[in-house]
Amino acid sequence: MLDSPTRHLDPPQDPTPAMPPVTRFAPSPTGFLHIGGARTALFNWLYARHHGGRFLLRIEDTDRARSTEAAIAAILDGLAWLGLEWDGEVVYQFARAERHAEVARRLVAEGRAYYCYATPAELEEMRATARAEGRPLRYDGRWRDRDPAEAPEGVPPVVRMKAPQEGETTIADLVQGEVTVANAQLDDMVLLRADGTPTYMLSVVVDDHDMDITTVIRGDDHLTNAFRQTQLYRLCGWEPPAFAHIPLIHGPDGAKLSKRHGALGVEAYREMGYLPEALRNYLLRLGWAHGDDEIIPTDKAIEWFDLDGVGRSPARFDFDKLNHLNGHYIREADDARLAGLVAGSFEPAPSPAALGRLTAGMAGMKARAKTLKELAELGAFYVAERPLVLNEKAEKLLTAEALQALAALRPRLASLADWTAEAIEAEARAFAEAAGLKLGAVAQPLRAALTGSNVSPPIFEAAAILGRDETLARLDDRLAPP
RNA sequence: GUCCCCAUCGUCUAGAGGCCCAGGACAUCAGCCUUUCACGCUGAAGACGCGGGUUCGAUUCCCGCUGGGGACGCCA
C-alpha cells in the first residue's frame, strides 16, 4: 500500500484501532469562530464520531494581550449553534502554562534546549541578511553551544529547543501523504519567551501529549509547524500524534480566507439566515466527497466521513451553493421550527395569532426562500397590521380595472360557504370565467391587496390562512381608501 | 528570497491506466409546470494548464515548466 508515496498513506496507527481516536479543536480566542475554523471543528468532530472516539475542545489563550472573553463566548456559541458538541471539559491552555514551562526547564536541564540572549534587533538583522543572501529566514543558533557564562548582563533570555541541524524530518500526514523537509530549513524555535511564558509551539505539543490526542486535524497552514512540533515531540521523548492537514478555504479571489480577508464568523451566517445543518453540509463538501452525493445529512456524514475522502487542494467559498443547500434544508425543516426562527426578525414580535398564521403558511413559503431572511420577508404579510403598505409593483397591479374586478369579487367571497383555499380558488375561477377575465387578472390584484406585493405564496392559500374577516378588510382597504 | 503544498467545467467535486470523445452538484441558458415568484422536471452549453517521458494505452504514474496557495514571529 505504500508503493505510491504521494497518495494517501495508511494511518500510522492500526486502521481499526483498539484505542478509539481522540481529536481536538484548538482555536485561539482572538476573534469570532470563522468559517475555516468551523470546518476544521466539523472534520474533527466527524472523525471522532465516526470512529467512536472523543472530540475535545481546547482554547489556546496563551496570547494574553489578544485573547478575550467575548471571543471565547463567540467560539463556544458558534460550536453549539453548529451542533458540534465536544466531550469533557474545555481546556484553557493558559491555565497550564506552568506545566509547559516545566517541560521547557526539563529540556534545558537535559541539554535539549538552551537559553538564548539574542535581541529582537539581532534577529531582525539575521532575517535581513538571510533574505539578501538567499538563505532560509531562520535563527542562526548563535547561543546554541555558547557558554552561558558569556550571557550579557540584564538581558532576560528565551529558551530555544535544540533542533537537529542535519538530516531531515518526515511526517506521515493522513491527508498530505508523506512530507519531508530538510532540517537545515528549520531553526531552534523559541519555547519560552523572555518573560517565562510558553509559546504556542511548546503549548500545543505538551497539551496534545497530555490530552492523549491521537489525531491532529487542522488547517494546511500548520503543515510546516508540524515539522518543528515533531522535532519537539522527539526531544521530549514522546511519540507524535497522527497529523491530518486539511486544505484551507479560499475566498472568491483564491486567497486564504482569514479574519481580515473576507472570513465571516459563524454567527454572521446565522444572522444571514442559514440553517446549521445546511452550513454543515456545505462545509463538509468543501474538500471532502463521497462519490456523487451532495445532500448529506449529519447522520450520513458521521457514517461516511473519514480522512481518506479529504482532498488536498484548497476550495473557494461559494455562496450560490450554500444558498441552494440552505433552500433544500429549509424545505425539509419543520414548519413550527421555521416559524419560530423567523419570528425573531419581526419588530415587534408577532402575536400568537400571527405566529399561527406564519406556521400555517410555512408550507407555501418554504419552497420560495433560500434563507430565513427571505422566509421572513415572504411571511411579513401574515404578521403585518392593516392597512398594508404596498410595494411599487403591487401598486401598479391595482389598476382601475383591477379594482373593479376586486369590487365585484368581494361579495362573492363574503358569502362563500367554506373558507378554504380550494373554495376560494373555485370561486375566483368561476368569477373570472363569468367576467371574461383570465385568472391572473383576478389573482394578481388579489395578491397585491392581500400581501402588499406582486410576489407571494399561493394567494388562495394565503387568503384562507388570513381568514375571511382579514381578507375582506384588506380588500376594503384598497376598495374604499380612507 | 527559502521551503512546503496544490492543479478536472465559472465554482464544489467524481475519477486511484482502458468502464471517460470524462460523471454529479451549484451557477448560466432554453423549455415544461403554473394565479405571481419559487420548487420540481427536461434539455443545452461548459473542464482533464503546458511540455516531455513510462506504457499497447494516460485525466489517472514519473520529470520539468507554468500558474495558484501556504509557511518562514519572544501570534496562534
Side-chain angles (χ1 to χ4, degrees), chain A residues 4 6-8 26-30 60-63 65-67 93 116 118 120 123 127 130-138 156-160 173 176-177 179-182 184-187 189-195 197 199-201 203-204 219-225 227 245 247-248 250 252 254-256 282 285-295 311-325 327-328 331 364-370 374 378 393 397 425 428-429 432 438-444 446-448 451 453-460:
Chain A
S4 167
T6 58
R7 291 303 303 176
H8 294 185
S28 65
T30 55
E60 310 226 311
D61 54 353
T62 52
D63 184 341
R66 295 199 299 152
S67 297
Q93 191 162 60
C116 166
L123 295 173
R127 279 190 279 271
R131 186 181 289 274
E133 291 169 20
R135 289 183 291 105
L137 276 44
R138 52 189 285 282
V158 300
V159 171
R160 287 182 183 272
D173 194 283
Q176 304 291 335
V179 189
T180 300
V181 76
Q185 288 296 327
L186 276 15
D187 63 2
M189 67 179 174
V190 174
L191 265 23
L192 246 36
R193 302 187 183 97
D195 65 2
T197 59
T199 61
Y200 159 77
M201 286 290 192
S203 296
V204 242
D220 225 352
D221 50 343
H222 284 282
L223 184 59
T224 49
N225 288 336
F227 297 107
H245 290 95
L248 300 173
H250 286 178
K256 173 185 176 180
Y282 178 70
R285 285 288 290 103
L286 234 41
W288 180 86
H290 182 265
D292 282 341
D293 293 303
E294 296 287 348
I295 303 292
R312 289 189 286 166
S313 51
R316 297 187 190 202
F317 195 91
D318 178 25
F319 271 102
D320 282 333
K321 193 145 184 177
L322 209 210
N323 285 337
H324 174 261
L325 244 15
H328 169 84
R331 271 171 261 138
M365 292 158 56
K366 280 169 152 184
R368 296 172 164 74
K370 300 267 194 232
E374 291 176 13
L378 220 43
K393 297 238 173 99
L397 279 171
E425 175 168 357
R429 283 183 186 278
K438 295 214 289 190
L439 184 56
V442 175
Q444 280 302 84
L446 187 61
R447 186 187 316 281
T451 71
S453 171
N454 58 315
V455 175
S456 83
I459 193 57
F460 305 119

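To find a chain, count down the sequence lines: A is the first, B the second, and so on, and within it residues start at 1. These figures come from a predicted structure and were not determined experimentally.
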S.K.: Heavy atoms only, 4.0 Å cut-off, all strands: where does D195(A) land among base, sugar-phosphate and nothing?
M.R.: nothing
S.K.: Between U60(B) and C6(B), how far apart are the two P atoms, rounded to whole Å?
M.R.: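 The same atom, P, in both gives a distance of 15 Å.
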S.K.: Using both distances under 3.5 Å as the test, list the Watson-Crick or G-U wobble partner of A7(B), or none.
M.R.: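 Base-paired to U66(B).
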S.K.: Would you mind classifying the nucleic acid contact of R316(A) as base, sugar-phosphate or nothing, using non-hydrogen atoms under 4.0 angstrom?
M.R.: sugar-phosphate
S.K.: Rounding to the closest angstrom, what is the interatomic distance between C9(B) and G15(B) at atom C1'?
M.R.: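 14 Å, rounded to whole Å.
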S.K.: Does the side chain of T224(A) get closer than 4.0 angstrom to OP1 or OP2 of G70(B) through an N or O atom?
M.R.: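 No, outside the criterion.
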S.K.: Please check: side-chain N/O of N454(A) versus main-chain N/O of A448(A), any donor-acceptor pairing under 3.5 Å?
M.R.: no
S.K.: My understanding is that only residues two or more places apart in sequence, or in another chain, count here; which of them pass side chain to side chain donor-acceptor pair (under 3.5 Å) with R429(A)?
M.R.: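 R429(A) satisfies side chain to side chain donor-acceptor pair (under 3.5 Å) with E425(A) once adjacent residues are dropped.
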S.K.: With heavy atoms under 4.0 Å as the rule, sort G287(A) into base, sugar-phosphate or nothing.
M.R.: sugar-phosphate
S.K.: By salt bridge (Lys or Arg N to Asp or Glu O under 4.0 Å), which residues pair with R127(A), not counting sequence neighbours?
M.R.: E124(A)
S.K.: Just to confirm, is there a sub-4.0 Å distance from OP1 or OP2 of U36(B) to any side-chain nitrogen or oxygen of K393(A)?
M.R.: no
S.K.: Atom CH2 of W288(A) and atom C1' of A25(B): how far apart are they, to the nearest Å?
M.R.: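 It is 14 Å, rounded to the nearest whole Å.
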S.K.: Using the C1' atom as the reference point in each nucleotide, state the distance between C32(B) and A38(B) in Å, no decimals.
M.R.: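 One C1' to the other, the span is 15 Å.
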S.K.: Whole angstrom is fine here: how far is it from CG in L446(A) over to P in U35(B)?
M.R.: 14 Å
S.K.: Side-chain N or O of R312(A) versus OP1/OP2 of A7(B): is the shortest distance under 4.0 Å?
M.R.: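 No, no such contact exists.
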S.K.: Rounded to whole Å, please give me the gap between CZ in R138(A) and C1' in A71(B).
M.R.: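 Taking atom C1' of A71(B) as the reference, CZ of R138(A) is at 15 Å.
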S.K.: How far, in whole Å, is C48(B) from U13(B) if one measures between their C1' atoms?
M.R.: 13 Å
S.K.: Provide the Watson-Crick or G-U wobble partner of U34(B), both distances under 3.5 Å; none if there is no partner.
M.R.: none
S.K.: Find the partner of G17(B): check Watson-Crick (N1-N3 plus N6-O4 or O6-N4) and G-U wobble (N1-O2, O6-N3) distances, both under 3.5 Å, and reply none if neither fits.
M.R.: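 G17(B) is unpaired by these criteria.
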S.K.: Round to the nearest Å and state the distance from L248(A) atom CG to C12(B) atom P.
M.R.: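 Roughly 14 Å, once rounded to whole Å.
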S.K.: Roughly how far apart, to the nearest Å, are C61(B) and U2(B) at atom C1'?
M.R.: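 Here C61(B) and U2(B) have their C1' atoms 29 Å from each other.
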S.K.: Just the rounded figure in Å: distance from C1' of G73(B) to CD of E60(A).
M.R.: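 Distance check: E60(A) CD to G73(B) C1' gives 16 Å.
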S.K.: Quick one: do R368(A) and E374(A) make a salt bridge, cutoff under 4.0 Å?
M.R.: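 E374(A) and R368(A): not salt-bridged.
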S.K.: Report which part of the nucleic acid P27(A) touches: base, sugar-phosphate, or nothing (heavy-atom distance under 4.0 Å, all strands).
M.R.: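 Nothing, no heavy atom under 4.0 Å.
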S.K.: Taking the side chain of V190(A) as its heavy atoms from C-beta onward, which of C74(B), A38(B), A14(B) lies nearest to it?
M.R.: C74(B)
S.K.: Would you kindly give the CZ-to-C1' distance between R331(A) and C39(B), to the nearest whole Å?
M.R.: 6 Å
S.K.: Would you please determine if the base of G70(B) is stacked by H245(A), with stacking meaning a centroid separation under 5.5 angstrom and planes under 30 degrees?
M.R.: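 Not stacked by the 5.5 Å and 30° rule.
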S.K.: Would you measure the distance from the C1' atom in C3(B) across to the matching atom in G53(B) and give it in whole Å?
M.R.: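 To the nearest whole Å, 27 Å.
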S.K.: Do R127(A) side-chain and U2(B) base share a donor-acceptor contact under 3.5 Å?
M.R.: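 No.
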S.K.: Using a strict cut-off of less than 4.0 Å between a Lys/Arg side-chain nitrogen and an Asp/Glu carboxylate oxygen, indicate whether K321(A) and D318(A) qualify as a salt bridge.
M.R.: no
S.K.: F227(A) near the nucleic acid: base, sugar-phosphate alone, or nothing, with a heavy-atom cut-off under 4.0 Å?
M.R.: nothing
S.K.: Remember a base hit wins even if backbone is also touched, and classify D221(A) as base, sugar-phosphate or nothing at under 4.0 Å, heavy atoms.
M.R.: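 Answer is sugar-phosphate: D221(A) comes under 4.0 Å of backbone atoms only.
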S.K.: Under 3.5 Å, side chain of R138(A) to main-chain N/O of L186(A), donor-acceptor pair present?
M.R.: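 Answer holds: yes.
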S.K.: Remember a base hit wins even if backbone is also touched, and classify V158(A) as base, sugar-phosphate or nothing at under 4.0 Å, heavy atoms.
M.R.: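 V158(A): base contact, heavy atoms under 4.0 Å.
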S.K.: For G46(B) versus U55(B), give the span between their P atoms, rounded off to a whole number of Å.
M.R.: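 These two P atoms come out 35 Å apart once rounded.
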S.K.: Among U11(B), A76(B), G1(B), which nucleotide has an atom closest to any side-chain atom of L137(A)?
M.R.: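 The closest nucleotide is G1(B).
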S.K.: Base, sugar-phosphate, or nothing: which does K366(A) touch, judged by heavy atoms less than 4.0 Å apart?
M.R.: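 Nothing, no nucleic acid heavy atom in range.
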S.K.: Looking across every strand, which nucleic acid part, if any, lies under 4.0 Å from S313(A) by heavy atom: base, sugar-phosphate, or nothing?
M.R.: sugar-phosphate
S.K.: In Watson-Crick or G-U wobble terms, both distances under 3.5 Å, what is the partner of A71(B)?
M.R.: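 Check on A71(B): paired to U2(B), both distances under 3.5 Å.
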S.K.: Whole angstrom is fine here: how far is it from NZ in K321(A) over to P in C26(B)?
M.R.: 7 Å
S.K.: With a 3.5 Å cut-off and just heavy-atom distances, do the side chain of D292(A) and the base of G23(B) make a donor-acceptor pair?
M.R.: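 Answer is yes: a donor-acceptor pair is held.
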S.K.: Of the nucleotides C74(B), A76(B), C26(B), which one has an atom closest to the side chain of A194(A)?
M.R.: C74(B)
S.K.: Check this for me: does the side-chain of N225(A) come within 3.5 Å of the base of A76(B) through a donor and an acceptor?
M.R.: yes
S.K.: So, does the side chain of R447(A) form a donor-acceptor pair with the base of U35(B) at under 3.5 Å?
M.R.: yes
S.K.: Which nucleotide sits closest to the side chain of E294(A): A27(B), C6(B), C12(B)?
M.R.: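 Closest of the options to the side chain of E294(A): C12(B).
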S.K.: Return the minimal non-hydrogen interatomic distance between R316(A) and P252(A), and the atom names on each side.
M.R.: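 Smallest interatomic distance, heavy atoms only, reads NH1-O, 2.9 Å.
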S.K.: Would you call the rings of F317(A) and F319(A) parallel, tilted or perpendicular, taking 30° and 60° as the class edges?
M.R.: perpendicular
S.K.: Does a side-chain N or O of R135(A) approach OP1 or OP2 of G1(B) to a distance below 4.0 Å, or not?
M.R.: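 False: R135(A) side-chain N/O out of range (4.0 Å or more) of G1(B) OP1/OP2.
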S.K.: Determine which nucleotide pairs with G46(B), using a 3.5 Å limit on both distances of a Watson-Crick or G-U wobble pair.
M.R.: none
S.K.: Across the strands shown, which category fits P252(A) at heavy-atom distances under 4.0 angstrom: base, sugar-phosphate, nothing?
M.R.: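 Nothing, no heavy atom under 4.0 Å.
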S.K.: Using a 4.0 Å heavy-atom cut-off, does I459(A) contact any base of the nucleic acid, only the sugar-phosphate backbone, or nothing at all?
M.R.: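 Here I459(A) touches the bases of the nucleic acid.
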S.K.: Using atom P of each nucleotide, how far apart are C4(B) and C12(B) to the nearest Å?
M.R.: 26 Å
S.K.: Do the ring planes of H222(A) and Y200(A) sit parallel (below 30°), tilted (30 to 60°) or perpendicular (above 60°)?
M.R.: tilted
S.K.: Between L223(A) (CG) and C6(B) (P), how many Å, whole number?
M.R.: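 In whole Å, C6(B) P and L223(A) CG are 9 Å from each other.
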S.K.: Give one of base, sugar-phosphate or nothing for T180(A), where a contact means two heavy atoms less than 4.0 Å apart.
M.R.: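 T180(A): backbone/sugar contact only, no base atoms under 4.0 Å.
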